[in-house]
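Notes follow once the structure below has been shown.
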Amino acid sequence: MQRKLIRSAGVFVAIAAAATLFAYRSDDKSPSAKKNLFTPVDAKELKLPAGFSATVLASDLGATRHMVVGKNGDMYVKLSKLKDGKGIYLLRDTNGDGAIDEQKLFGDYPGTGIAIKNGYLYSSSNKGVFRYKLNDKEEIIDFDKPENIISGLVDHGRDNAKPLTLDNNGNIYVTVGSYNDNCRQAGSAKGMSPCTILDSAGGVWKFKADKANQQFADGTRFATGVKNAVGIDWDNKTNALYVTSHGRGKFDDMYPQYYTPKHSAELPAETLYRLKEGDDAGWPYIYYDHFQNKKMLAPEYGGDGKKVAGEKAINPLVAFPAHLGPNALMFYTGSSFPARYKNGAFIAFHSQSSELKKGYMVAFVPFVNGKPGKWEIFADNFAGTDLVKPTGPIQHRPCGLAQGPDGALYVTDDLNGTIFKIAYKKK
């Protein structure tokens, strides 16, 4: 039913879009003159804790990745594939009725990362970072002339997103994911030793947030051994950087003597790390086995599924089942959700786990006094089908998270370009 409603909304969008030509009408301030571009639809198929409800705000937007919401409610959504030659959406509800009635596409580059900090909107391409000056209302002053902050980051096509976050001391942190799944030598089962990919990828780099035209060499490798941290956020409560990293792929393709297809399906863990400067999470030399709760030596470097390793590598704060694809991380600072959610972390999972027979969901990790508790499923059934016995295709793949000024949680889906808004109604 939800999918039919979303499709109906999509048809409405197409009609409205044709009428407005997706124009941004900054000269038209009359709320009565605005026509809704999207009709909000209750997302009744989502499974949420008691008291929460979800709404589909928009659909068919394209490959919507990360998202940020300004203090004025403006929604900025990054696209990994250009739409009409542009890679960022500005979506607006100008009259406060809950429906989007203005939109603009801008930025001529695809990408994933987006954030607002100290009067600027920061946005990443797959090779660098740009920023746009905001006015006092957090509106972009000039859409056509972003400032180039960072360029020259590695982009080999695979895992090339550049998610980003900023601290409170003028630094910006950018993930550079590895373009090689396990750092094997070409045509071999052996790992490169040392893994020279780590010189330019497989970690998080730190740059100055306010310095123009920085090159890769101007940055500092803040943490290494992090294969692909698509989820990244700076937590103001603990004043620290956190990331969620994707684990490696198959073991049994080259090492059937040690690993079965079941091992490949259920290992290694996806991980949540707290990073400090100089940390090493161990990729590609080790992986984390959440069944044994140990760091294991990778088979490319002599491992057999039993040998532990990585004494100097950091431990994950939380380990999740394999292949869930943690694509966004957001610490919740709002007050509209129940108190237990404050300062906890939401994580958007972009794929599914064969171990759990679950996926395409938003999870929550409570934090108390800076320490994580047991993770739980917060919002489920974005897939729209039973993952144990599927009756149809996957409908939505959660990819981005954002917090609105009212404390609501926004979730993007990069499969069908949908934006969900999750709110809580106090009893």
Compare all side-chain heavy atoms of I140 with those of D74 and state whether any distance is below 4.5 angstrom.
no
Is there side-chain contact between F38 and L57, with heavy atoms separated by less than 4.5 Å?
no
Any side-chain heavy-atom pair of Y424 and S53 under 4.5 Å:
no
Calculate, to the nearest 0.5 Å, the distance between atoms CZ and OG1 belonging to F207 and T220 respectively.
8.0 Å
Does K295, at its NZ atom, have more than 12 non-hydrogen atoms belonging to other residues, nucleotides or ligands within less than 6.0 Å?
yes
Salt bridge between E300 and K190, side-chain N to carboxylate O under 4.0 Å?
no
Do W375 and F364 have their ring centres less than 6.0 Å from each other?
no
Shortest non-hydrogen separation from G310 to I286 and the atoms involved:
N-CG2, 3.8 Å
Centroid-to-centroid, H396 to F382, below 6.0 Å?
no
Taking atom types as modelled and ignoring hydrogens, do the side chains of D155 and N160 form a donor-acceptor contact shorter than 3.5 angstrom?
yes
I need the minimum non-hydrogen distance between P284 and L198, along with the two atoms involved.
CD-CD1, 4.0 Å
D253 vs R184, test: salt bridge (Lys or Arg N to Asp or Glu O under 4.0 Å). Steps then yes/no.
CA-CA 12 Å; D253 58 339; R184 290 176 184 167; 3.1 Å; yes
Is the number of heavy atoms from other residues, nucleotides or ligands within 6.0 Å of NZ (K294) greater than 12?
no
Determine the minimum heavy-atom distance between G400 and T412, stating which atoms define it.
N-OG1, 2.7 Å
Can we say R65 and D413 salt-bridge, meaning some charged N sits less than 4.0 Å from an Asp/Glu carboxylate O?
no
For the residue pair F331 and Y242, does the interplanar ring angle fall in the parallel (under 30°), tilted (30 to 60°) or perpendicular (over 60°) class?
tilted
Quick one: do the D235 and T238 side chains pair a donor with an acceptor below 3.5 Å?
yes
Step by step, work out the side-chain contact (heavy atoms from CB on, under 4.5 Å) result for L387 and I394.
CA-CA 9 Å; L387 295 178; I394 301 301; 3.7 Å; yes
Any salt bridge between K227 and D181, counting N to O under 4.0 Å?
yes
Once the angle between the rings of Y341 and F346 is folded into 0 to 90°, is it parallel (under 30°), tilted (30 to 60°) or perpendicular (over 60°)?
parallel
For residues A43 and V56, report the shortest heavy-atom separation together with the two atoms involved.
CB-CG2, 4.0 Å
Flag, side chain of N327 to backbone of A348, donor-acceptor distance under 3.5 Å
no
Given the rule in the side-chain contact (heavy atoms from CB on, under 4.5 Å) test, do L79 and I88 qualify, once you have shown the distances and angles that lead to the verdict?
CA-CA 6 Å; L79 299 176; I88 309 173; over 6 Å; no
Output for pair (I150 CD1, K127 NZ), nearest 0.5 Å, gives 15.5 Å
To the closest 0.5 Å, what do you measure between NE2 (H323) and OG (S264)?
7.0 Å
Is the number of heavy atoms from other residues, nucleotides or ligands within 6.0 Å of CG (N168) greater than 12?
yes
Polar side-chain atom of Y259 near backbone of G305 as donor-acceptor pair, under 3.5 Å
yes
Where does the angle between the aromatic ring planes of Y332 and F337 fall among parallel (under 30°), tilted (30 to 60°) and perpendicular (over 60°)?
parallel
Any donor-acceptor pair under 3.5 Å from N236 side chain to N239 backbone
no
Please check: side-chain N/O of D304 versus main-chain N/O of K306, any donor-acceptor pairing under 3.5 Å?
yes
Please name the residue in the list F420, Y360, F349 that meets the side chain to side chain contact (heavy atoms under 4.5 Å, CB included) test with P398.
Y360
Within the 4.5 Å heavy-atom criterion, are F52 and P338 side-chain neighbours or not?
yes
Would you say the side chain of L164 lies within less than 4.5 Å of the side chain of T175, judging by non-hydrogen atoms?
no
Could you tell me whether E277 and R221 make a salt bridge, using a distance below 4.0 angstrom between a side-chain N and a carboxylate O?
no
If you define the side chain from C-beta out and look only at heavy atoms, does anything of S351 sit under 4.5 Å from L324?
no
Nearest heavy atoms of M192 and Y301, plus distance in Å
O-OH, 2.6 Å
Check the pair N416 / D60 against side chain to side chain donor-acceptor pair (under 3.5 Å), numbers first and verdict last.
CA-CA 5 Å; N416 284 305; D60 299 318; over 6 Å; no
Begin from the C-alpha positions of C183 and Y285 and carry the test side-chain contact (heavy atoms from CB on, under 4.5 Å) through to its verdict.
CA-CA 9 Å; C183 207; Y285 307 108; over 6 Å; no
When you compare the side chains of D414 and H350, does any donor N or O come within less than 3.5 Å of an acceptor on the partner?
yes
When rounded to the nearest 0.5 Å, the distance separating CG of D233 from OG1 of T165 is 4.5 Å
Provide the closest heavy-atom pair for D252 versus P261 in the form atom of the first, atom of the second, distance.
OD2-CG, 3.6 Å
Does any non-hydrogen side-chain atom of V69 lie less than 4.5 Å from one of P405?
yes
With no hydrogens and no angle check, do the side chains of T112 and K162 hold a donor and an acceptor under 3.5 Å apart?
no
With W234, which of D167, N171, L166 fulfils side chain to side chain contact (heavy atoms under 4.5 Å, CB included)?
D167
Is any side-chain heavy atom of I116 closer than 4.5 Å to one of E138?
yes
Begin with the C-alpha distance, continue with both residues' side-chain angles, and end with the deciding distance and a verdict on side chain to side chain donor-acceptor pair (under 3.5 Å) for Q403 and T333.
CA-CA 8 Å; Q403 180 182 309; T333 60; 3.2 Å; yes
Steps toward side-chain contact (heavy atoms from CB on, under 4.5 Å) verdict (E139, L90):
CA-CA 10 Å; E139 299 169 334; L90 164 59; over 6 Å; no
Please name the residue in the list F130, Y89, Y132 that meets the ring pair (Phe, Tyr, Trp, His ring centres under 6.0 Å) test with F106.
Y132
Side chain Q103, main chain L91, donor-acceptor under 3.5 Å:
no
Reported CG-to-NZ distance for the pair D386 and K357, which is rounded to 0.5 angstrom
11.0 Å
Tell me whether the count of non-hydrogen atoms from other residues, nucleotides or ligands lying under 6.0 Å of NZ in K71 goes above 12.
yes
What is the distance from atom CG of L317 to atom OG1 of T244, rounded to the nearest 0.5 Å?
11.5 Å
Go through R248 and Y287 one step at a time and tell me if the side chain to side chain donor-acceptor pair (under 3.5 Å) criterion holds.
CA-CA 8 Å; R248 57 166 288 161; Y287 63 92; over 6 Å; no
Exercise: do T94 and D101 side chains pair donor with acceptor under 3.5 Å
yes
Could you walk me through whether D159 and H246 pass side chain to side chain donor-acceptor pair (under 3.5 Å), step by step?
CA-CA 10 Å; D159 290 340; H246 289 226; 5.8 Å; no
